[in-house]
Amino acid sequence: MIYIKLKEKHLKEYLLLNKKYNTIGVLRLISILSFIILAYQYFQTDNVFLIIGGFVFLALFIFLIGFHEQIKRKRDIQNTLIAINQDEISYLKGESIPFDDGNEFVNHNHFCSFDLDFFGKKSLYQNLNRAATFLGKEKLANILLRKLNNDDIKLNQLAIQELAEKIDWRQKLFALAKLSEDTKEKHAELVKWVDEKEEDLSKGLMFIAYLIPTLFFLSLALAVFNLDTVFKNIVSSLIVCNLLITLTQLKKIKKEIINSDRILKPIIQYANIIEKIEDQKFNSIRLNSLKNGLINERGSAYLSIKKLSGIVANMHNVQNVMGSIFVNGILLYHIHILNNLYNWKKQNSKEIKKWLEIIGEFEVLNSLANFSYNNPEFIFPEINDNYIINLQEVGHPLIKSHKRICNDIIFTNHDFIILTGSNMSGKSTFLRTLGVNMVLGGIGAPICATSANLHPLNVIVSMRQSDSLSDGESYFFAEVKRLKQIIEKLENEICFVLLDEILKGTNSDDKQTGTIEVIKKIMSKKAIGCIATHDLEVCQLVNEYEKKLFNKCFEVEIINNDLAFDYKLRDGVCKNKSATFLMRKMEII
């Protein structure tokens with residue numbers, strides 16, 4: 001299994017980086033202690049070589065801070081890649097589905113998502129999801145809820161096929177997104193921060209912010225090479241002056257430091273994600289179109305966000321009291337950082353939302369590409385606009401291959417099927433099989449079939465209704481409401497309709513009459529699809545709709561005093577029954 005090899009590879013790289021990280025940590029400690037000791041000795045002896053040596057160690061310490069952080073980020077990426085591959089191993093072995101299930105997107109009123117188990121435990125979303133940013137997860141949910149037009153479906157197919165083979169690239173993008181630790185709340189905070197308008201720092205303040213540090217270093221040089229104490233006094237006075245100037249902007253600085261604590265990780269990871277996208281060569285139109293959206297008149301989105309991540313990281317790096325007094329007393333450090341931050345927001349605030357949207361789009365395509373890679377036997381259907389749906393050996397994509405039973409089904413010329421069969425014979429699973437594959441085909445994803453030619457249609461379903469105590473609705477009324485919604489939907493467009501044993505909440509005669517009338521109404525709207533029923537009288541309706549309405553069935557056999565299901569779709573009406581036999585066997589009757 002490729003995921004086992006990748007896990008082992010990333011584990012080796014992680015161990016090497018961890019060793020390097022620990023070594024640099026020791027060197028950082030040695031360099032800062034050396035600076036402190038030499039600086040102290042200088043003020044005791046006035047030996048110029050001590051202060052020069054001290055600043056050398058200080059420079060080394062500052063360099064090691066950045067280098068240490070780089071190694072940490074690389075180590076974190078490798079650690080995350082180890083976890084990603086372990087998750088895929090567990091998933092393919094059937095041990096768990098360690099991915100977000102999208103339960104927050106459950107919508108009982110949607111035309112098919114609740115009935116077809118799009119969201120929640122063991123859902124389609126949970127099996128597909130390899131997105132880690134808030135927008136990526138949201139966009140994956142949204143694409144399942146709507147059909148694309150045929151041109152976009154074809155573009156997605158090509159993009160997904162291309163990304164499926166880029167497993168290393170996909171996993172690294174996923175790792176960077178996971179490291180962002182992005183959530184809905186963090187995303188909202190980032191957008192709010194970007195939208196906030198800030199007043200520019202005055203030109204006079206910025207002139208002083210450059211002038212006084214320059215005077216400080218000039219005075220320091222004179223103090224080092226001239227024993228006259230006046231220059232040391234000037235140096236001390238300038239430090240105090242810088243600190244007082246910093247205090248005038250302290251409220252703004254504190255506000256942005258608090259912001260940087262919340263948004264630092266996502267910003268850094270967004271920059272790294274965009275770099276991965278910009279550096280990758282693509283062939284498909286869809287992927288290149290998304291990539292080109294990261295370029296504007298000022299150049300690369302990566303360089304822009306990298307600049308922002310650097311600004312925020314610099315603000316974040318110096319937060320302890322002693323460090324702040326030191327860098328602000330000498331350089332007016334945080335005022336320069338604040339000015340850089342305001343300038344960046346002025347130039348890029350309009351673009352950053354678009355960049356985040358593009359990252360989310362790539363996460364959606366990566367999720368579908370991962371689905372394709374994990375299921376190499378699945379195929380990308382041919383797309384037509386002639387209302388033809390021809391599925392050969394179609395099966396439910398979430399059922400394991402060794403348990404999956406596949407069937408052939410063809411809809412031409414606005415066909416509709418009446419499906420019969422005993423309980424447990426496979427009717428509901430077959431309806432879900434059709435629905436899920438139609439949805440996947442309608443977004444450009446591969447489907448579980450050996451060959452397929454389909455006209456993508458919006459899928460509308462009535463399979464699972466429930467009582468609503470809060471609304472005072474019975475099961476029956478909830479079901480009738482859904483049927484009304486379906487008929488209204490069919491007034492405006494031709495859809496793929498799946499109905500499972502409708503009108504269960506009324507008596508048998510009423511149910512039979514109602515079912516027949518619903519089918520007639522659906523036939524008048526030229527809908528395509530299937531209705532499952534136990535009422536064999538309904539099957540006589542095919543005589544009124546020759547070459548439009550067909551009977552199909554699943555049969556059950558009694559072999560060695562036990563029920564045997566083959567789950568194979570047959571022509572005609574089912575003949576065998578299982579309920580009475582099963583109750584007698586279980587000694588209920």
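The residue from Phe380, Phe378, Phe99 that alone fulfils the ring pair (Phe, Tyr, Trp, His ring centres under 6.0 Å) condition with Phe371 is Phe378.
Taking the six-membered ring where the residue is Trp, Tyr387 and His455 present parallel rings, their angle staying beneath 30° rather than reaching 60°.
The NZ atom of Lys137 lies 8.5 Å from the OG1 atom of Thr183; values are rounded to the nearest 0.5 Å.
The residues Lys511 and Glu501 are annotated as salt-bridged, a charged nitrogen and a carboxylate oxygen being separated by less than 4.0 angstrom. In summary, Arg286 and Glu162 do not engage in a salt bridge, as defined by a charged side-chain N under 4.0 Å from a carboxylate O. One finds no salt bridge joining Lys12 and Glu8 here, because no Lys/Arg side-chain nitrogen approaches an Asp/Glu carboxylate oxygen to under 4.0 Å. We find that Asp76 and Lys72 are joined by a salt bridge, their nearest charged nitrogen and carboxylate oxygen being less than 4.0 Å apart. Taking a cutoff of 4.0 Å between a charged side-chain nitrogen and a carboxylate oxygen, Glu493 and Lys489 qualify as a salt bridge. With respect to Lys139 and Glu361, a salt bridge is recorded, a charged nitrogen being found less than 4.0 Å from a carboxylate O. At a threshold of 4.0 Å, the pair Glu196-Lys255 counts as salt-bridged, since one of the basic side-chain nitrogens sits closer than that to a carboxylate oxygen.
Using a 4.5 Å heavy-atom threshold, the side chains of Leu116 and Leu431 count as separate. In this structure the side chain of Leu190 never reaches within 4.5 angstrom of the side chain of Asp182, judged on heavy atoms. Pro456 has its side chain within reach of Asn150: a pair of non-hydrogen atoms, C-beta onward, lies under 4.5 Å apart. Between Ile409 and Phe430, some side-chain heavy-atom pair lies under the 4.5 Å cut-off.
In this structure Glu165 satisfies the salt bridge (Lys or Arg N to Asp or Glu O under 4.0 Å) test with no other residue, sequence neighbours excluded.
With hydrogens and angles ignored, the 3.5 Å screen pairs a side-chain donor or acceptor of Asn292 with a backbone N or O of Asn288. Remark: side-chain polar atoms of Arg432 are not paired, donor with acceptor, to backbone N or O of His396 under 3.5 angstrom. Checked by atom type and distance alone, the side chain of Asn149 pairs as donor or acceptor with a backbone atom of Asp151 at under 3.5 Å. A donor-acceptor pair is defined here as one N or O able to donate and one able to accept, closer than 3.5 Å; such a pair exists between the side chain of Asp115 and the backbone of Met463. At distances below 3.5 Å, at least one donor-acceptor pair connects side-chain atoms of Ser425 with backbone N or O atoms of Ser422.
Figure legend: cation-pi geometry between Arg75 and Tyr21, with NZ or CZ positioned under 6.0 Å from the six-membered ring centre and within 45° of its axis. Geometrically, Arg404 does not engage Tyr567 in a cation-pi contact, judged by NZ or CZ lying under 6.0 Å from the ring centre and within 45° of the ring axis. The cationic atom of Arg130 (NZ for Lys, CZ for Arg) lies less than 6.0 Å from the six-membered ring centre of Tyr91 and within 45° of the ring axis.
With ring centers used as reference points, Phe282 lies under 6.0 Å from Trp169. If you look at Phe105 and Tyr125, their ring centroids are closer than 6.0 Å. Residues Phe114 and Phe119 keep their aromatic ring centres 6.0 Å or farther apart.
When the shell of 6.0 Å around NZ of Lys400 is examined, it contains more than 12 heavy atoms from other residues, nucleotides or ligands. Shown here is Lys184, whose NZ atom has no more than 12 heavy atoms of other residues, nucleotides or ligands within 6.0 Å. Remark: Lys354 NZ is packed, more than 12 non-hydrogen atoms of other residues, nucleotides or ligands lying under 6.0 Å away.
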Under the side-chain contact (heavy atoms from CB on, under 4.5 Å) rule, what do Glu393 and Asn407 come out as? Steps first, then yes or no, please. CA-CA 5 Å; Glu393 291 294 303; Asn407 288 284; over 6 Å; no

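Of all the heavy atoms in Ile447 and Ala452, the pair that sits closest is CD1-CB, 3.6 Å. When all heavy atoms are compared, the tightest approach of Ile443 to Leu148 is O-CD1, 3.7 Å.
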